[in-house]
Amino acid sequence: MTNTFSPAHDYYMAEGPARAAAPRVRYPSPPAGLRLLRWQLKVLSAVAPSLAFRTAWKVFCTPRRLPQKAWEAPVLADARRRTVPAATGPVAVYEWGPAAAPAVVLVHGWEHRASFWRAWVQPLLAAGYRVAALDGPAHGASAGQLVTLTDYGGAVQAVVDTVGEVRAIVAHSFGAASVAGLPVRLPGGAPLPRLVLLSAPVGPRAVAGRFADFLQLPGTFVTQFAQYVEQATGRPVDSFGAAVAGPTAGPEQVLVLHDEDDEIIPFAEGRQIAAAWPGAVLHATKGLGHNRILRDEAVVRAGVAFIG
């Protein structure tokens, strides 16, 4: 079993009071594989609770490597490619723009990869920035099969440490949870000028609750989850919340972009982050959901204008 905090999987992110109103993934007729997994975990929970927890944890930490879509290759065609060593293995990094320009680092969400930022690359280049995007551990061309929140945050930190001057970090969903939850910092303790969080979860405590609900696990999973996180990291699970850990990194300005119709992470969580994070600005959208917000032209314009 991995020894760091599990990722905030997109399907299971709801925090505190928001959880009751959080959208949950439902199937009118659950796929056979999901029904089998639920049954296996139910049996294991009854006869071998520790094994059930280890099995569920592995499921929770294992992203699918989805086939590349036709639109992904063009955005990477003119990127400079390199790898950065991280605790999880080599991390694939893609860069566009003049090497001397300040960088904007793009951090994707769960089961995405660097190419999913295609709508942001050209506008950022036109604004005079260098763009650096990574494939997170166990995603895209990067090494690994399992990934945790601290794994991903550590990989982002390793990349940030190599890119020189950083003007902004833009992060989506699980990527936002990792950047804010670790939190990622600039070398030498310099303040990050701009941080943009899209579709971000407010914190991880109810991640386990959403996950347990989805797989119909017993309520004891949540307790085991919280205990394991603290044992493995030396930090209480709540300390990884975006609005708890993030402000300690001292970003100068924070923009929270969240859609009111987000079907994965409820809008209430974005509102909670903006309210709890001193100086954060909430930009609400409507009708874009959890992923289309990444490629909406108005959202991209707002993000680039905020970066300045």
Side-chain angles (χ1 to χ4, degrees), residues 68-69 71-86 90-137 139-142 152-153 155-176 178-180 183-187 190-200 249 251-257 283 291-308:
Q68 190 178 66
K69 298 173 176 63
W71 49 260
E72 293 184 69
V75 72
L76 300 180
D78 59 350
R80 301 185 298 276
R81 305 184 187 207
R82 60 189 177 95
T83 59
V84 171
V91 172
V93 180
Y94 308 83
E95 289 187 289
W96 300 260
V104 175
V105 179
L106 306 178
V107 185
H108 66 76
W110 186 255
E111 294 183 343
H112 287 188
R113 40 194 170 243
S115 52
F116 277 64
W117 290 105
R118 69 195 188 282
W120 289 74
V121 173
Q122 289 304 320
L124 285 168
L125 292 178
Y129 294 108
R130 174 167 45 104
V131 178
L134 69 148
D135 289 338
H139 289 76
S142 293
Y152 199 177
V156 176
Q157 184 68 68
V159 172
V160 167
D161 289 346
T162 70
V163 296
E165 181 185 355
V166 176
R167 170 65 177 177
I169 297 176
V170 183
H172 176 246
S173 193
F174 170 46
S178 300
V179 168
V184 171
R185 302 176 185 273
L186 295 189
L192 176 68
R194 301 290 184 271
L195 175 62
V196 181
L197 303 174
L198 296 100
S199 309
E252 293 176 354
Q253 295 187 35
V254 181
L255 175 64
V256 178
L257 288 153
H283 181 113
N291 288 320
R292 282 199 298 134
I293 194 171
L294 280 176
R295 57 183 183 271
D296 180 76
E297 291 184 5
V299 168
V300 176
R301 285 197 301 271
V304 174
F306 174 79
I307 293 169

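Start at 1 with the first residue, then count along the sequence. Everything numeric in this text was worked out from a predicted model, so none of it was measured.
- Looking only at side-chain heavy atoms (C-beta outward), Pro102 and Tyr129 come within less than 4.5 Å of each other.
- Here the NE2-OG distance, from His108 to Ser178, works out to 9.5 Å after rounding to the nearest 0.5 Å.
- Side chains of Leu192 and Val184 form no contact here, defined as non-hydrogen atoms less than 4.5 Å apart.
- Panel note: side chain Asp135, backbone Ala92; no donor-acceptor pair is recorded below 3.5 Å.
- Under the 4.5 Å side-chain criterion, counting only non-hydrogen atoms from C-beta, Leu124 is in contact with Val304.
- Atoms CZ and CD1, on Arg295 and Ile293 in that order, are 11.0 Å from each other to the nearest 0.5 Å.
- Put simply, CG on Leu195 and CG on Leu255 are 9.0 Å apart, with the number rounded to the nearest 0.5 Å.
- Contacts of Trp120 classified as ring-ring contact (aromatic ring centres under 6.0 Å, His included), with partners at least two apart in sequence or in another chain: Trp117.
- Aromatic rings from Trp71 and Phe116 are positioned such that their centres are separated by under 6.0 Å.
- Side-chain contact between Val104 and Ile307: present, with at least one pair of heavy atoms (C-beta onward) separated by less than 4.5 Å.
- Annotation: salt bridge (Lys or Arg N to Asp or Glu O under 4.0 Å) contacts of Glu72 (sequence neighbours excluded): Arg113.
- Contact record, Gly136 with Tyr152: CA-CE2, 3.5 Å, taken as the closest heavy-atom pair.
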**Request:** Test side-chain contact (heavy atoms from CB on, under 4.5 Å) on Val170 and Val105 and set out the steps.
**Result:** CA-CA 6 Å; Val170 183; Val105 179; over 6 Å; no

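- Counting heavy atoms from C-beta on, the side chains of Leu197 and His172 never come closer than 4.5 Å.
- Note: Leu257 CG to Leu198 CG = 4.5 Å, rounded to the nearest 0.5 Å.
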**Message:** His112 vs Leu294, test: side-chain contact (heavy atoms from CB on, under 4.5 Å). Steps then yes/no.
**Reply:** CA-CA 11 Å; His112 287 188; Leu294 280 176; 3.9 Å; yes

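- For the side-chain contact (heavy atoms from CB on, under 4.5 Å) test, residues two or more places apart in sequence or in another chain that qualify with Pro187 are Val160, Asp161.
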**Asked** Can you check side-chain contact (heavy atoms from CB on, under 4.5 Å) on Phe306 and Gln253, steps first, answer last?
**Response** CA-CA 9 Å; Phe306 174 79; Gln253 295 187 35; 3.6 Å; yes

**Audit row: Glu111, Phe174, side-chain contact (heavy atoms from CB on, under 4.5 Å) steps and yes/no** = CA-CA 9 Å; Glu111 294 183 343; Phe174 170 46; over 6 Å; no

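- For the pair Arg167 and Pro193, the tightest heavy-atom approach, listed with the atom from each and the gap, is O-CB, 3.3 Å.
- For Glu252, the CD atom counts as densely surrounded, since its 6.0 Å shell holds more than 12 non-hydrogen atoms of other residues, nucleotides or ligands.
- Looking only at side-chain heavy atoms (C-beta outward), Thr83 and Val91 stay at 4.5 Å or farther from each other.
- Partner of Val84 under the side chain to side chain contact (heavy atoms under 4.5 Å, CB included) criterion, out of Val156, Leu134, Thr162: Thr162 alone.
- Across all their heavy atoms, His283 and Ala302 have their closest contact at CE1-CB, 4.0 Å.
- Listed by chain and residue number, nothing satisfies the side chain to side chain donor-acceptor pair (under 3.5 Å) test with Arg194 (two or more places apart in sequence, or in another chain).
- Listed by first and then second residue, the salt bridge (Lys or Arg N to Asp or Glu O under 4.0 Å) pairs involving residues 91-101 are Arg82-Glu95, Glu95-Arg130 (not counting sequence neighbours).
- For Tyr94, there are no ring-ring contact (aromatic ring centres under 6.0 Å, His included) partners at least two apart in sequence or on another chain.
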